[in-house]
2 protein chains.
Amino acid sequence: MEMTLEVNGMTCGHCEKAVKGALEELEGVHGVEVHLDAGKVDVKYDEAFVTKERMKDAIEDQGYDVVG
Amino acid sequence: MEMTLEVNGMTCGHCEKAVKGALEELEGVHGVEVHLDAGKVDVKYDEAFVTKERMKDAIEDQGYDVVG
């Protein structure tokens, strides 16, 4: 499965790393691409292991807002 | 001695930490305060151990520009 999350508040390369790192730590996530300027994050994942809610929590724990 | 450096490109708390951490690692630096919104960094240092050039390099190595 592939999903695009809209993430507010990412401003720099460190933000990109923080979000990417948090998602990659989740079981079931096997690909993350952050588009800083667009405020979007593409995630490849296995829906048997991880939910959107889980990914949203991981991003929000880093201090960013997920839209929707 | 105390000096204020003008630093461009700091956008978030991670940037603040990166700059603060890089300066604090330098011998002779014993106090760093980052003012993110103003783009300014106050440094307390001992001029016998560290130069402005050295501090500038440390900040630039993290990907930020120092003005002047």
Side-chain angles (χ1 to χ4, degrees):
Chain A
M1 295 269 290
E2 191 152 358
M3 179 193 287
T4 299
L5 297 163
E6 200 176 323
V7 181
N8 286 334
M10 299 186 298
T11 56
C12 74
H14 298 109
C15 295
E16 181 173 335
K17 273 192 204 168
V19 169
K20 193 172 154 72
L23 289 171
E24 285 176 342
E25 273 184 14
L26 298 177
E27 193 186 351
V29 170
H30 48 80
V32 180
E33 207 172 327
V34 177
H35 307 279
L36 202 56
D37 292 344
K40 299 205 189 291
V41 180
D42 297 330
V43 190
K44 286 183 184 153
Y45 65 102
D46 183 336
E47 72 274 29
F49 290 97
V50 70
T51 61
K52 184 184 177 182
E53 208 51 42
R54 196 90 200 277
M55 298 188 240
K56 204 174 148 174
D57 284 350
I59 295 172
E60 289 178 346
D61 281 351
Q62 297 298 316
Y64 306 95
D65 288 323
V66 179
V67 181
Chain B
M1 296 268 291
E2 191 153 357
M3 179 192 288
T4 299
L5 296 164
E6 201 177 323
V7 180
N8 286 334
M10 299 187 297
T11 56
C12 73
H14 297 110
C15 295
E16 181 174 334
K17 273 193 204 168
V19 168
K20 193 172 154 73
L23 288 172
E24 285 175 342
E25 273 185 13
L26 297 177
E27 194 186 352
V29 170
H30 47 80
V32 179
E33 206 172 329
V34 176
H35 307 280
L36 203 57
D37 292 343
K40 298 203 190 292
V41 180
D42 297 329
V43 189
K44 287 183 186 155
Y45 66 102
D46 183 337
E47 73 274 28
F49 289 96
V50 69
T51 61
K52 183 185 176 180
E53 208 51 41
R54 196 87 201 277
M55 297 189 241
K56 205 174 149 173
D57 284 350
I59 295 171
E60 289 177 347
D61 282 351
Q62 297 296 318
Y64 306 94
D65 289 324
V66 180
V67 181

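Computed from heavy atoms alone, side chains included, the values below leave out hydrogens, waters and symmetry copies. These numbers come from a predicted model, not from an experiment. Proteins come first, then strands; the chains are lettered A, B, ... in the order of their sequence lines, and each starts at number 1.
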Please list every donor-acceptor pair closer than 3.5 Å that links chain A with chain B, giving the two atom names and the distance for each.
unit_1	atom_1	unit_2	atom_2	d
A/Thr11	OG1	B/Thr11	OG1	2.9
A/His14	ND1	B/Tyr64	OH	3.2
A/Tyr64	OH	B/His14	ND1	3.3

Q: Report the hydrophobic cluster partners of A/Phe49, with the cluster defined as I, L, V, M, F, W, Y residues connected by side-chain heavy atoms closer than 4.5 angstrom, directly or transitively.
A: none
Q: Answer with yes or no whether the hydrophobic clustering places B/Val43 together with B/Leu36; edges join I, L, V, M, F, W, Y residues whose side-chain heavy atoms lie under 4.5 Å apart.
A: yes
